[in-house]
Amino acid sequence: MSDNNILNMISHIYNSTTILNFGALFSDGTPNFVCPAEPEHGDTVKIKFRTARNNVDGVDFVMGDEHIPMTCSEHNEIFDFYTIEIPDIQEKLRYYFEVHSGRLNVIYNRLGILKDPNHDYDFQIVPGYKTPDWATGAVIYQIYVDRFCRGDSSNDVLDGEYYYVGRRSHHVEDWYQVPENMDVANFYGGDLQGVIDKMDYLKGLGVEAIYFNPLFVSPSNHKYDIQDYDYIDPHIGKIVYDEGELLPDWCQDNKQATRYINRVTNKANLEASNQLFIRLVEEAHRRGIRIILDGVFNHCGSFNKWLDREGIYDKNPEYEKGAYISADSPYRSFFKFMDENAWPNNGSYNGWWGHDTLPKLNYEESEKLHDYIIEIGRKWVSPPYNVDGWRLDVAADLGYSPEYNHKFWKDFRKAVKDANPNAIILAEHYDSPKAWLDGDEWDTVMNYGAFMEPITWFLTGVEKHSDEFRGDFLGNADFFKGSIRNWMSYMMYNSLYCSMNELSNHDHSRFLTRTNHRVGRINTLGTETANENVNYGIMREAVVFQMTWPGAPTIYYGDEAGLCGWTDPDSRRTYPWGRENRALIDFHKDIISIHNRFEALRTGSLKFLHGEHRLIAYGRFNSEQAVAVIINNDFVDKEVKLHVRELGVRNNRIMKRVMVTSADGYDLSDETYMVQNNVLTVVAPKGSASIYVCKLKQ
């Protein structure tokens, strides 16, 4: 809201007979205010709006041009609740509220209180749009398999096994060696057996789901250049038949890489790897841990059996001819070739962003490709694999037109949800996801706009790649609040509350490195500088925010153990087994325990309570609990007064501090504070995050 609008509103307030309590006005899409929060077609939906007790003349529910007076049907000693029931909901419902108090009328929508309507920020309900219950607030752990844990040395990629992106494959002997700037063909030996071996560690940490970077057959360590969508790569799976020769030192022709060809095309190896994956899923499920796979469906890899640029499958009678090799390939329509007269060995195919190692898939001209990938989506969430969802790589790029993109994801959703209704579909997307979050495509997104970017700017002033420093964003509470609130408005409640909230991942610098406030990359500053002058106090502040903010807090492997690193590839260092920061791991266990202990931190409503230079405070609440969080990123202690009555906390009630962090560590000892004059008054120590809780019904 502009300053002029605020001044106008204040003048209206003091000309009215009743002073409107703005802090009490509230509604959102959580089950606290919409019941059912995820209605089916034909359901009756009850919608609530909250005001201070005996404070307003009325509240209108507004749909389009229709203003419907709401009924004040519930109250307690603090609030009145105005309600309306919408029967037989069949179509998307867009709405906002108009509050009347004397001569003052205000609008309330996804952004909060406004003077005039803005339909871009209307609340929305989409009947039939359901996200998996397990994903709401779930603690997810992201694993880049080659760098997590080496459990089976017999499947290691060998030196000179094949040739890729100008380099011979290389096995790195020193697990603790940091990645090279050109790292794609370097392998450390992490594998699925290693994940199985560490499953109890993940369970003990409090992990509820694992998101794997790609696992399918691929020549790179990142595996975003998939060679075969039907099988887990034997190099991270199981090699039971291991014959053939390494590539001669002088040779770059992978047709002679017979050891590699045998390893990745022999069905005995492929089936054994799939069986190991089945075992991994079973071990995870036995511990209550879900599994999310990475779906790279916009492009494949030049080694892919459909293209076969390397001739890996050419002499094997079990495989069809690749489209690079033969114009008569059954996969010719899978790719867009610019030169129709260049066969054999037609290299004129379209590569994603011009990369010839990443052929873009040509869905619009190939129904067969469409059906194949749809079946892949269905296959892995079905028995015997039973995975719990897909993360979709560069999902908005799939296809050559927006129209086709939306058609494909509608088809994909239907196939996946028919096979496994509890499977999550979450997408990588950096811009507004609104167009895909109408209930018939994605469930949610990797939450860059409404999580990673705002908190990174606020706590570190550093862009998520460590490519830019903005002192005007560092500690800027107004920028933080405006930015994160705007991005949150793009998602409905169910999408927002299962969105993937990451501080770091495989594409960006490690958050701990960003705490040094430096701009750099591995090729400009080297590797050791990523470890220098990092601030564990800021890291703890960020993790408290992550575990108390709406969404699914997602830990990038090793963040909890103190890993540093500039952006890709340096952010892909190996997990430091035996060299972990044990204090940071213990902190993660304790803050995850707090996240899991209070339901308000999973499904509760969110309310901003206070913001000033280098300090933000907010609350999470439902009808049973209220949680207040203060993050003081400043260099001095600050007295903070929080109007916790806005969370439903009554006067003279006790709020208990369950955690406070500092530059040196954290404290779990309980301290109690009495709410006086409806305000919680506390001192937020410098460089700290603190959590205060109250049971609302006693």
> Which atom names give the shortest non-hydrogen contact between L158 and S169, and what distance separates them?
Replying inline: O-OG, 2.8 Å
> Do D397 and W352 have side-chain N/O donor and acceptor atoms under 3.5 Å apart?
Replying inline: yes
> Can you name the closest pair of heavy atoms from M446 and N505 and give their distance?
Replying inline: CE-ND2, 3.6 Å
> What are the two closest non-hydrogen atoms of N155 and I236, and how far apart are they?
Replying inline: ND2-C, 3.8 Å
> Stepwise, does the side chain to side chain donor-acceptor pair (under 3.5 Å) test hold for H222 with S220?
Replying inline: CA-CA 5 Å; H222 59 70; S220 68; 3.2 Å; yes
> Would you say the side chain of I538 lies within less than 4.5 Å of the side chain of F511, judging by non-hydrogen atoms?
Replying inline: yes
> When H429 is tested against each of W442, W409, Y448 for ring-ring contact (aromatic ring centres under 6.0 Å, His included), which residue passes?
Replying inline: W442
>> Looking only at side-chain N and O atoms, does Q193 offer a donor or acceptor that is under 3.5 Å from a partner on D152?
In response: no
>> For the residue pair R572 and F187, would you count it as a cation-pi contact if the rule is NZ or CZ under 6.0 angstrom from the ring centre and within 45 degrees of the ring axis?
In response: no
> Are D570 and R521 close enough for a salt bridge, meaning some N to O gap below 4.0 Å?
Replying inline: no
> Hey, what do you get for OH (Y162) to CD1 (I261), rounding to the nearest 0.5 Å?
Replying inline: 12.5 Å
>> Between E283 and R286, does any NZ, NE, NH1 or NH2 come within less than 4.0 Å of an OD or OE carboxylate oxygen?
In response: yes
> Can I592 and M547 be said to form a side-chain contact (heavy atoms from CB on, under 4.5 Å), step by step?
Replying inline: CA-CA 7 Å; I592 289 172; M547 295 295 164; 3.7 Å; yes
>> My understanding is that only residues two or more places apart in sequence, or in another chain, count here; which of them pass salt bridge (charged side-chain N to carboxylate O under 4.0 Å, His left out) with R290?
In response: D388
>> Looking at every heavy atom in both L512 and N535, which two are closest together, and how far apart are they?
In response: CD1-O, 4.0 Å
> Under 30°, 30 to 60°, or over 60°: which ring-plane class applies to W306 and Y372, parallel, tilted or perpendicular?
Replying inline: perpendicular
> Do Y536 and F587 come close enough that some side-chain heavy atom pair is under 4.5 Å?
Replying inline: no
> Looking only at side chains, do R518 and T529 share a donor and an acceptor under 3.5 Å apart?
Replying inline: no
>> Please evaluate residues R602 and N596 with respect to the criterion side chain to side chain donor-acceptor pair (under 3.5 Å), reporting the C-alpha separation (whole Å), side-chain torsions for both, the decisive distance (0.1 Å), and the verdict.
In response: CA-CA 8 Å; R602 286 182 175 268; N596 291 338; 2.7 Å; yes
> Has R579 got its NZ or CZ under 6.0 Å from the middle of the six-membered ring of Y176, at an angle within 45 degrees of the ring axis?
Replying inline: yes
>> Quiz question: by atom type and distance under 3.5 Å, do the side chains of Y666 and D586 form a donor-acceptor pair?
In response: no
>> If I compare all heavy atoms of G322 with all of D308, which pair ends up nearest, and what's the gap?
In response: CA-CB, 4.0 Å
>> How long is the straight-line distance from CG of N447 back to OG1 of T554, given to the nearest 0.5 Å?
In response: 9.5 Å
>> Run Y144 and N221 through side chain to side chain donor-acceptor pair (under 3.5 Å) and show every step you take.
In response: CA-CA 9 Å; Y144 192 96; N221 57 53; 2.7 Å; yes
> Quick one: are V178 and W566 in side-chain contact, heavy atoms under 4.5 Å?
Replying inline: no
> So, Q256 and Y163: side-chain donor and acceptor under 3.5 Å apart, yes or no?
Replying inline: no
> Could you state the interatomic distance from CG (L202) to CD1 (I196), rounded to the nearest 0.5 Å?
Replying inline: 11.5 Å
> With under 30° as parallel and over 60° as perpendicular, where do the rings of F545 and F451 fit, or are they tilted in between?
Replying inline: parallel
> How far does CG of L361 sit from CG of N350, to the nearest 0.5 angstrom?
Replying inline: 10.5 Å
> Are D230 and K379 within salt-bridge range, i.e. N to O under 4.0 Å?
Replying inline: yes
>> Taking side-chain hydrogen bond (donor to acceptor under 3.5 Å, both in side chains) as the definition, give me every residue that meets it alongside Q546, ordered by chain and number, with sequence neighbours left out.
In response: none
>> Between K198 and E580, does any NZ, NE, NH1 or NH2 come within less than 4.0 Å of an OD or OE carboxylate oxygen?
In response: no
>> Which label fits Y324 and Y349: parallel for a plane angle under 30°, tilted from 30 to 60°, or perpendicular past 60°?
In response: perpendicular
>> Tell me whether the rings of H235 and Y260 are parallel (<30°), tilted (30 to 60°) or perpendicular (>60°).
In response: parallel
> Which distance, rounded to the nearest 0.5 Å, do you find between the CD1 of I455 and the CG of N501?
Replying inline: 10.5 Å
> Below 4.5 Å, heavy atoms only, C-beta onward: do V217 and K305 meet side chain to side chain?
Replying inline: no
> Could you walk me through whether E502 and H508 pass the side chain to side chain donor-acceptor pair (under 3.5 Å) check?
Replying inline: CA-CA 10 Å; E502 297 182 293; H508 305 97; over 6 Å; no
> Under 3.5 Å, is there a donor-acceptor pair between the side chain of S571 and the main chain of T567?
Replying inline: no
>> If you define the side chain from C-beta out and look only at heavy atoms, does anything of L276 sit under 4.5 Å from I232?
In response: no
> Heavy-atom distance under 4.5 Å between the side chains of T527 and R573, does that happen here?
Replying inline: yes
>> Taking the side chain as everything from C-beta on, heavy atoms only, tell me whether N304 gets closer than 4.5 Å to Y229.
In response: yes
>> I need the minimum non-hydrogen distance between A257 and E161, along with the two atoms involved.
In response: CB-O, 3.3 Å
> Taking side chain as C-beta onward, heavy atoms only, is I239 less than 4.5 Å from S154?
Replying inline: no
>> With a 6.0 Å cut-off (strictly less than), is the heavy-atom count around OH of Y241, excluding the residue itself, greater than 12?
In response: no
>> Test: side chain to side chain donor-acceptor pair (under 3.5 Å). Region: residues 291-301. Which pairs qualify, not counting sequence neighbours?
In response: Y211-D294, Y224-D294, D294-R391, N298-K360
> Are F408 and F297 close enough that their ring centers fall under 6.0 Å?
Replying inline: no
> Does the pair D443 and K417 meet the rule for a salt bridge (charged side-chain N to carboxylate O under 4.0 Å, His left out), with working shown?
Replying inline: CA-CA 11 Å; D443 283 324; K417 297 291 187 176; 2.8 Å; yes
> Is the number of heavy atoms from other residues, nucleotides or ligands under 6.0 Å of E375 CD greater than 12?
Replying inline: yes
> Do R168 and D159 sit within salt-bridge range, that is, some charged N less than 4.0 Å from a carboxylate O?
Replying inline: no
> Y319 ring centre to K267 NZ or CZ under 6.0 Å, with the angle to the axis within 45°?
Replying inline: yes
